[in-house]
Amino acid sequence: MDFNLTVLPGDGVGPEVCRETVKMLEAVGKKYKHSFNMNYRNVGGIAIDEEGVAISAETIDLCQQGDAVLLGAVGGPKWDDPLAKVRPEDGLLLLRKELGLFANLRPVKVHNVLVDGANLKPDVIRGADFIFVRELTGGLYFGKPKRRWKKDGVRWGVDSMLYSEHEIERIVRVGFELARRRGKKLISVDKANVLESSRLWRQVAIEVGQDYPDVELEHMLVDAASMRIIQNPRYLDVLVTENTFGDILTDEASMLAGSMGMLPSASLAGVPEAGVRIFGLYEPIHGSAPRRAGLNMVNPIAMIFSAAMMLRYSFALEKEADAIETAVETVLKYGYRTYDIMSEGMTKVGTSEMGDLIAGKVLE
Ligand code: IPM
Ligand code: MG
């Protein structure tokens, strides 16, 4: 089959991890007789430098017309001035918003072969396998008022954790649907003991829960959730939460999987269904890691796993997605590691070597 992809490598290590992902997709295409047409465009700092905006309207249009979007990373010190009018991150946020990608799925899986090299106790993390459903187009990231001002010589700044019941309902529904297919337990993470938006969130979650009598709903405060993630991660299965809470908790959770370089994400406009193609944007959860850029050093697996999610959700290529995940597992089993997941006795490789190994395994 033929698929149209918009590829937005972005800044820092983005282009490097993208290159390895494209290499791997070409291997999938060759082996399973698909053709992936890639249209490359700018996003983030590079777009600011070359086009004057963090993402152009044409690029957003092109994304919309394709079957899926692959994105590397955005940002870097060059564009970090707190007074800057436009920031690389604006490109990513606008893209998520314009494409209506409100549901960000971030699976966290502890791979057996990485357990002993992890920062956390092997006995605690072994077997952990859960998924975050992060709300992606509302909350503290987008709510108005959002601005800075000066009054009587004093500087102020505000962001608003604003949600309508509709925004909460649709994301909580995604959580329930996924929970129904997994362990039938949904944890809704909020801060209802302090925040009004969280109290509404909790109320709506309970109401939506009426439609899912087969799924057990538990509410967990975000501070307690951050503890639970490292204290007893096997307790977790499906979690649904606000935009900022989800951003923070998923970086934390990536440490269970060994590194940020291991965690993929899919941003969708609804619930994925087996065998049904749904448009999506796929990106690693990690950032542009500017200090590591150009060193052939970082781990491409987060982005490669993101592409596997793309094959599964946007292209309905389940077998091919499985093949990618198995290829990664095998390469890890053979002892190959990038610096971030390196441990004693393993073989250290760079970004492109890791990409070659995985693509080679897919082709076998
Ligand atoms: C993420 C990133 C982004 C976010 C940044 C780059 C805007 O941290 O995808 O988690 O905060 O959503
Ligand atoms: Mg983040």
Side-chain angles (χ1 to χ4, degrees), residues 5-31 36 38 40 43-44 46 68-76 92 106-109 111 113-114 117 250-251 254-255 257-266 281-312 320-343 346-364:
L5 267 176
T6 312
V7 185
L8 311 173
D11 308 317
V13 300
E16 289 168 68
V17 294
C18 247
R19 205 171 302 131
E20 301 317 311
T21 305
V22 167
K23 195 188 273 177
M24 184 279 303
L25 282 173
E26 276 160 2
V28 171
K30 200 159 162 198
K31 168 111 189 211
F36 302 107
M38 325 253 182
Y40 287 84
V43 68
I46 187 165
V69 182
L70 267 182
L71 190 142
V74 296
L92 179 55
R106 299 190 160 186
V108 181
K109 191 169 173 208
H111 298 268
V113 287
L114 295 182
T250 52
D251 268 26
S254 73
M255 286 297 115
S259 144
M260 297 237 292
M262 292 297 298
L263 248 58
S265 88
L281 173 129
Y282 300 85
E283 53 173 325
I285 79 149
H286 64 70
S288 61
R291 280 181 303 129
R292 313 222 181 260
L295 301 175
N296 189 37
M297 188 177 181
V298 298
N299 188 348
I301 294 177
M303 178 124 200
I304 287 174
F305 275 153
S306 304
M309 294 182 88
M310 171 181 81
L311 296 193
R312 184 168 287 129
E320 291 81 342
D322 286 347
I324 295 170
E325 288 163 356
T326 307
V328 173
E329 292 273 358
T330 308
V331 168
L332 292 175
K333 212 177 299 156
Y334 288 167
Y336 295 106
R337 302 282 186 275
T338 40
Y339 85 94
D340 56 318
I341 49 174
M342 184 61 192
S343 62
M346 300 294 135
T347 309
K348 195 159 164 188
V349 295
T351 313
S352 66
E353 290 73 30
M354 186 55 104
D356 286 343
L357 286 161
I358 296 168
K361 208 71 218 155
V362 165
L363 274 175
E364 264 177 24

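FYI, the numbering just counts along the sequence from 1.
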Met24/Val28 under side chain to side chain contact (heavy atoms under 4.5 Å, CB included): CA gap, chis, key distance, verdict:
CA-CA 6 Å; Met24 184 279 303; Val28 171; 3.8 Å; yes
Quick one, Leu25 with Leu70, criterion side chain to side chain contact (heavy atoms under 4.5 Å, CB included). Give me CA distance, side-chain angles, the key distance, then yes/no.
CA-CA 11 Å; Leu25 282 173; Leu70 267 182; 3.8 Å; yes
From CA spacing to verdict: side chain to side chain contact (heavy atoms under 4.5 Å, CB included), Leu263, Val108:
CA-CA 7 Å; Leu263 248 58; Val108 181; 3.9 Å; yes
Checking side chain to side chain contact (heavy atoms under 4.5 Å, CB included) for the pair Val13/Thr351: CA distance, chi angles, key distance, verdict?
CA-CA 10 Å; Val13 300; Thr351 313; over 6 Å; no
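The salt bridge (charged side-chain N to carboxylate O under 4.0 Å, His left out) pairs that include a residue from residues 332-343 number zero, where partners must be two or more places apart or lie in different chains. Applying the side chain to side chain donor-acceptor pair (under 3.5 Å) test to pairs two or more places apart or on separate chains, none has a residue in residues 8-18.
Considering CG of Leu311 and CZ of Phe36, their distance stands at 5.0 Å, rounded to 0.5 Å. Here Glu329 contributes atom CD and Leu114 contributes atom CG; the two are 8.0 Å apart, rounded to the nearest 0.5 Å. The distance from the CD atom of Glu320 to the CZ atom of Arg312 is 10.5 Å, given to the nearest 0.5 Å. Here Met346 contributes atom CE and Thr338 contributes atom OG1; the two are 13.0 Å apart, rounded to the nearest 0.5 Å. For the atom pair Leu92 CG and Leu71 CG, the distance stands at 5.5 Å (nearest 0.5 Å). The CG atom of Leu281 sits 10.5 Å away from atom CE of Met310, with the distance rounded to the nearest 0.5 Å.
Contact annotation: the side chain of Leu332 approaches that of Met262 to within less than 4.5 Å [non-hydrogen atoms, C-beta and beyond]. Within the 4.5 Å cutoff, the side chain of His111 has no heavy atoms near those of the Val328 side chain.
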Atom pairs and distances, donor-acceptor, side-chain atoms in residues 300-308, under 3.5 Å, two or more places apart:
from, atom 1, to, atom 2, distance (Å)
Ser306, OG, Ser265, N, 3.4
Ser306, OG, Glu283, O, 3.2
Ser306, OG, Ala302, O, 2.7

Return a table of donor-acceptor pairs under 3.5 angstrom between the side chains of residues 285-292 and protein atoms on other chains or two or more places apart.
from, atom 1, to, atom 2, distance (Å)
Ser288, OG, Gly75, O, 2.8
Arg292, NE, Tyr339, OH, 2.7

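Taking the side-chain hydrogen bond (donor to acceptor under 3.5 Å, both in side chains) definition, one finds that Lys23 meets it with Glu20, Asp356, sequence neighbours left out. For Tyr40, there are no side-chain hydrogen bond (donor to acceptor under 3.5 Å, both in side chains) partners, not counting sequence neighbours. Applying the side chain to side chain contact (heavy atoms under 4.5 Å, CB included) test to Thr326 and every residue at least two apart in sequence or in another chain returns Thr330. Taking Arg19 as the reference, nothing meets the salt bridge (Lys or Arg N to Asp or Glu O under 4.0 Å) condition, with sequence neighbours excluded. Applying the side-chain hydrogen bond (donor to acceptor under 3.5 Å, both in side chains) criterion to Glu26, with sequence neighbours excluded, gives no partner residue. Leu295 meets the side chain to side chain contact (heavy atoms under 4.5 Å, CB included) test with Met297; sequence neighbours excluded. Residues passing the side-chain hydrogen bond (donor to acceptor under 3.5 Å, both in side chains) test with Asp251, sequence neighbours excluded: none.
The pair Glu325-Lys109 does not meet the salt-bridge criterion, since no charged nitrogen lies less than 4.0 angstrom from a carboxylate oxygen.
In terms of heavy atoms, Cys18 sits closest to Pro9 at SG-CA, 3.7 Å. The heavy-atom pair separating Ile358 from Ala327 by the smallest distance is O-CB, 3.9 Å.
Within a 6.0 Å sphere centred on NZ of Lys30, other residues, nucleotides and ligands contribute 12 heavy atoms or fewer.
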